[in-house]
A.B. asks: 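My structure is below; once you've seen it, I'll send some questions.
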Amino acid sequence: MPGGRLTQQERQQIALGVADGLAYAEIARRLDRPTSTVTREVMRNGGPTAYRADLAHRATEHRTHRRRQAAPRGSAAPAQTDGRDAEAVREYEEVFTTLLMGSGLPRMTARVLASLYTTDAGSLTASELVQRLQVSPASISKATTLLESQGLIRRERDERRRERYIVDSDVWYDGMIAAARGHSRLAETARQGVTILGPDSPAAVRLEGIARFVDFVGESMARAAEQAREILSTKPAPPSGGAAEPVPDRGQPAGS
């Protein structure tokens, strides 16, 4: 990274650029920094709507201090052994965590979900999450319970009878269907209010509008989830009179 760590003055320039609606590439060009540096800086510190230079600078100093304190500990997370840049992976997980927090997840819950998404196996045990994130087992238990209740992960026992937390395409489908059912319940509750408040009242008109909107969105989500599951899990038929063509990765139809 040209110039090493970002300075407080550079962070102030980033904040001004974000406030002015400049693209990350333009901000980076003015600072003579890589675009990825500016993108990571903003996304790990609140995103474009909440980025503040002074808070970002203090948060970075705090993270650096914590890493220095944790370095001598024997329980530190294992280094990457697959040829990946460990620092780049860590920074990407921070960006991913920030995005998940923007969708409403608490920070620890977002960290757990980001870890599951970025591990090749797509699954980790509670003890592996404790070691990877350097937090207490109680924190992992609370986060995984919330994720499981929202249909964002599922729990299985492996051959050693350990509980593993898993993310895959089925989890995405289940989560979408659960969200669609939530929309349906919201529409039903809104229409109960229409009956109670009287169909001609302004409040009832407002509630009916909410019900119609979430009904439409929920039905669209369920339909899209079903279509995606069918399309992405269906292998293309082999050409007539010839050998079957190799099936692309992730179950996508050939030519997609």
Side-chain angles (χ1 to χ4, degrees), residues 1 36-37 39-45 47 59-60 63-64 66-67 69-179 225 228-229 232-233 247-252 256:
M1 184 174 70
S36 59
T37 297
T39 303
R40 286 196 299 267
E41 168 67 17
V42 175
M43 296 311 300
R44 73 164 60 162
N45 291 293
T60 300
R63 285 194 294 266
T64 302
R66 287 180 58 187
R67 283 199 295 270
Q69 283 186 322
R73 294 165 58 184
S75 59
Q80 297 287 333
T81 58
D82 50 16
R84 294 171 178 150
D85 183 334
E87 180 67 12
V89 171
R90 184 189 61 77
E91 290 185 350
Y92 173 73
E93 288 184 355
E94 287 188 10
V95 171
F96 203 169
T97 296
T98 301
L99 287 174
L100 292 171
M101 289 169 63
S103 69
L105 290 178
R107 176 166 175 77
M108 180 51 61
T109 307
R111 290 186 69 197
V112 169
L113 191 56
S115 293
L116 287 168
Y117 279 139
T118 54
T119 186
D120 287 332
S123 70
L124 291 167
T125 65
S127 61
E128 288 170 340
L129 284 165
V130 166
Q131 183 181 28
R132 186 183 180 103
L133 299 178
Q134 293 292 283
V135 295
S136 68
S139 297
I140 297 299
S141 177
K142 183 177 179 180
T144 53
T145 298
L146 177 58
L147 289 169
E148 192 174 16
S149 72
Q150 295 185 357
L152 295 174
I153 64 173
R154 74 170 187 272
R155 187 189 313 233
E156 290 184 358
R157 288 193 180 274
D158 61 18
E159 66 280 358
R160 294 171 59 184
R161 305 298 297 166
R162 300 176 304 178
E163 286 190 338
R164 301 193 71 87
Y165 302 102
I166 300 169
V167 289
D168 57 19
S169 57
D170 286 338
V171 167
W172 275 105
Y173 170 80
D174 293 340
M176 290 284 285
I177 294 300
R229 190 184 207 190
L232 298 178
S233 64
V247 178
D249 290 342
R250 299 179 299 279
Q252 293 179 338
S256 62

A.B. asks: Any side-chain heavy-atom pair from Thr37 and Glu41 closer than 4.5 angstrom?
C.D. replies: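 Heavy-atom side-chain distance check fails, nothing below 4.5 Å.
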A.B. asks: Count the heavy atoms belonging to other residues, nucleotides or ligands that lie under 6.0 Å from CZ of Arg157, then report whether that count exceeds 12.
C.D. replies: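 Yes, CZ of Arg157 has more than 12 neighbouring heavy atoms, counting only those of other groups under 6.0 Å.
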A.B. asks: Could you tell me whether the side chain of Arg155 reaches within less than 4.5 Å of the side chain of Glu148, counting heavy atoms only?
C.D. replies: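 A side-chain contact under 4.5 Å exists here.
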A.B. asks: Any side-chain to backbone donor/acceptor pair from Thr119 onto Ser115? Under 3.5 Å, distance only.
C.D. replies: no
A.B. asks: Nearest 0.5 angstrom please: Leu152 CG to Thr109 OG1, how far?
C.D. replies: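 Output value for this atom pair is 9.5 Å.
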A.B. asks: Quick check: does any side chain N or O of Ser141 sit under 3.5 Å from a backbone N or O of Pro137, one acting as donor and the other as acceptor?
C.D. replies: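 Not at all, since once roles are kept as given, no pair shorter than 3.5 Å links the two residues.
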A.B. asks: Test Tyr165 against every option in Leu113, Leu116, Leu124 by the side chain to side chain contact (heavy atoms under 4.5 Å, CB included) rule and name the one that passes.
C.D. replies: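 Among the candidates, only Leu116 passes.
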A.B. asks: Return the minimal non-hydrogen interatomic distance between Thr98 and Gly47, and the atom names on each side.
C.D. replies: CG2-N, 4.5 Å
A.B. asks: Which distance, rounded to the nearest 0.5 Å, do you find between the CZ of Arg90 and the CG of Asp85?
C.D. replies: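 So the CZ of Arg90 and the CG of Asp85 are separated by 10.0 Å.
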A.B. asks: Does a side-chain heavy-atom distance below 4.5 Å link Ile140 with Leu133?
C.D. replies: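 They are in side-chain contact.
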A.B. asks: With rounding to the nearest 0.5 angstrom, report the OG1 to CD1 distance, Thr144 to Ile153.
C.D. replies: 5.5 Å
A.B. asks: With a 4.5 Å limit on heavy-atom distance, are the side chains of Glu93 and Arg132 in contact?
C.D. replies: yes
A.B. asks: Give a yes-or-no answer on whether the side chains of Arg164 and Ser123 include a donor-acceptor pair shorter than 3.5 Å.
C.D. replies: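 Side-chain D/A pair, Arg164 to Ser123: present.
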A.B. asks: Heavy atoms only: give me the nearest Ala114-Thr97 pair and the separation to one decimal.
C.D. replies: CB-OG1, 3.5 Å
